Amino acid sequence: MAQHKQTEIVYVDRNHPDRASIERAASLLRAGELVVFPTETVYGLGANALQPAAVERIFEAKGRPYSDPLIAHIADMAALEQLVTTLPDEAFALARAFWPGPLTLILPASSLVPKMVTAGLSTVAVRMPGHPVAQALIRATGTPIAAPSANRFKHVSPTTARHAFADLQGRVQLILDSGPCEVGVESTILDLCSDTPTILRPGGLSLEALRNVLPNVQPPVRHDKPAAQQEEAEAEAVAQKAPGQMRVHYSPAIPAYLFTGTQEEIRAAMLKEVLRYRAQGEEVGLLIADEDLETLRHSEAHIYLLGKTAQEAAARLYAGLRTLEESGVQVILCRDFNEQGLGLAIRDRLLKATGGKVIYASTLA
Ligand code: TXA
Ligand code: MG
């Protein structure tokens, strides 16, 4: 059990990070403590990446298995060169196009990287975040920062400081609060150690954008095994290729279902299901787009609107899941998104949040 700490939240202006607050956070990190900090994707739970004992505290605080490796966050290309043994041309091209930003590269790890970070793999995940507070913190600390999302293991990732506080209160001394994260889903993880660059986790940078620079980037392999079989396979896995890519990784605490089909079918099926749950006296949460509201506004459900575009939906997705979870509903119904642009990442997270429980709306309509 992690030692109990008084958790303090300090507001830091995103565009003009206050030096004293950054220096305070950096000195905690240098001393081997944990600090929660904002990135453009989600809030991270940071530790000095070069101190194994500090990194170990991340796993303790999150309740995360040691077999799940971490991303090292850097602020300049010199740090990248220290963390890896070789830098393929692709890495330079991608860094030039997308760093700082929501892209994580998997590269061969140098001996400088602790095993606690890589989970014993020969590769390391590296990302240069674009958030000014994250950059200032990495620079002030003077070492790369290892950071997973700042949530308890298997819970929804945090896109506000309050989300991180709800999960990690008492387990971390300091949370830097710069308001909501603008991207809202985690970085895209691209494996540069396989024959063809392959996305391991879709995220804040789209497949289309990556292909503009590297036309041969492969989409993520689909996990379409039945849920039970999938869980069995996951239980066995120690350090698999993308160990965090487990189906139930981003789940809220209550059952959720993903409705797929045409927009009309989805709305009709959702309405029908809400009425059925209401007849049983159950509270229902709906995670829908603005355009669905007309059909569903009188349905006596708790409604969280994801906005009009995939960008907006990505930014609001995790807050929506947490809000509905906290509203006391017994079930959450989510609408599906198409896989263009950020839609690929949204769909991936919804599949995980629902544990792969997909409802084909036409079967209910
Ligand atoms: O946007 C993000 O990436 C956020 C912010 C804080 O930067 N971080 C994040 O970290 O999402 P985390 O730990 O929640 O997810 C990182 C994933 C892990 O699930 C792990 O599977 C994968 O990165 N990973 C790390 N090192 C890897 C490696 N060497 N090979 C394959 N996958 C790796
Ligand atoms: Mg995570």
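Every number for a ligand or one of its atoms is a count from 1 in the order of the listing. All residue numbers in this chain count up from 1 along the given sequence. Every heavy atom of this structure was used, including side-chain atoms; hydrogens, water molecules and symmetry mates were not. All values reported here derive from a predicted model rather than from experimental measurement.
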N/O donor-acceptor pair under 3.5 Å between [X] side chain and [Y] backbone:
X: T123; Y: L121; result: no
X: T7; Y: Q169; result: no
X: E81; Y: A78; result: no
X: S206; Y: A209; result: yes

I'd like to check which ligand 1 atoms, numbered from 1 as shown, lie under 4.0 Å from a non-hydrogen atom of [X].
X: L200; answer: 31 (C)
X: H73; answer: 5 (C), 6 (C), 7 (O)
X: I189; answer: 17 (C), 22 (C), 23 (O)
X: A125; answer: 25 (C), 26 (N), 27 (C)
X: T41; answer: 1 (O), 2 (C), 4 (C), 5 (C)
X: I71; answer: 3 (O), 8 (N), 9 (C), 10 (O), 16 (C)
X: G44; answer: 6 (C)
X: L121; answer: 28 (C), 29 (N), 30 (N)

Taking distance alone, with no angle check, do [X] and ligand 1 share an N/O pair under 3.5 Å?
X: T123; result: yes
X: R64; result: yes
X: T104; result: no
X: Y43; result: no
X: K62; result: no

Exercise. Looking at R152, R162, R322, K62, which hits salt bridge (Lys or Arg N to Asp or Glu O under 4.0 Å) with D167?
Worked result: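 Single pass found, and it is R322.
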
If you measure from each non-hydrogen atom of [X] to ligand 1, which part falls under 4.0 Å: side chain, backbone, both or neither?
X: I106; value: side chain
X: D191; value: neither
X: A147; value: backbone
X: H131; value: neither
X: T118; value: neither

For this session: Using heavy-atom distances, let me know which of D68, V124, N151 sits nearest atom 20 (C) of ligand 1.
Result: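 Shortest heavy-atom distance from atom 20 (C) of ligand 1: D68.
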
Exercise. Which one of C193, S149, A134 has a non-hydrogen atom at the shortest distance from atom 9 (C) of ligand 1?
Worked result: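 Among C193, S149, A134, the closest heavy atom to atom 9 (C) of ligand 1 belongs to S149.
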
Exercise. Do any N/O/S atoms of S157 come under 2.8 Å of the Mg ion (ligand 2)?
Worked result: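 Not a single backbone or side-chain N, O or S atom of S157 is under 2.8 Å from the Mg ion (ligand 2).
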
Exercise. For E325 and I332, which heavy atoms make the closest approach, and how far apart are they?
Worked result: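 Closest pair (atom of E325, atom of I332, distance): N-CD1, 4.3 Å.
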
For this session: Report the C-alpha distance between R201 and S187 in whole Å, list the side-chain angles of each, state the deciding distance to 0.1 Å, and finish with yes or no for side chain to side chain donor-acceptor pair (under 3.5 Å).
Result: CA-CA 8 Å; R201 175 180 74 183; S187 61; 3.2 Å; yes

For this session: Determine which pairs satisfy salt bridge (Lys or Arg N to Asp or Glu O under 4.0 Å) with at least one residue from residues 113-136, sequence neighbours left out, and list them in order.
Result: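 Every pair satisfying salt bridge (Lys or Arg N to Asp or Glu O under 4.0 Å) with a residue in residues 113-136: E40-R127.
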
Exercise. For F59, which residues count as a ring pair (Phe, Tyr, Trp, His ring centres under 6.0 Å) partner, sequence neighbours excluded?
Worked result: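 In terms of ring pair (Phe, Tyr, Trp, His ring centres under 6.0 Å), with neighbours along the sequence ignored, F59 is linked to Y66.
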
Problem set entry | R316 to Y318 six-membered ring, cation-pi geometry met (6.0 Å, 45°) |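 Checked: cation-pi criterion not met.
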
For this session: Scan L344, L350, L351 and name whichever one has a side-chain contact (heavy atoms from CB on, under 4.5 Å) with R347.
Result: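 One option only clears the test, and that one is L351.
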
Exercise. Can P129 be said to touch ligand 1, with heavy atoms closer than 4.0 Å?
Worked result: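 P129 does not count as a contact of ligand 1 under the 4.0 Å cut-off.
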
Problem set entry | side chain to side chain donor-acceptor pair (under 3.5 Å) evaluation trace for E186 with S157 | CA-CA 8 Å; E186 298 87 340; S157 291; 2.5 Å; yes

Problem set entry | Audit row: N48, T143, side chain to side chain donor-acceptor pair (under 3.5 Å) steps and yes/no | CA-CA 7 Å; N48 182 334; T143 62; 3.2 Å; yes

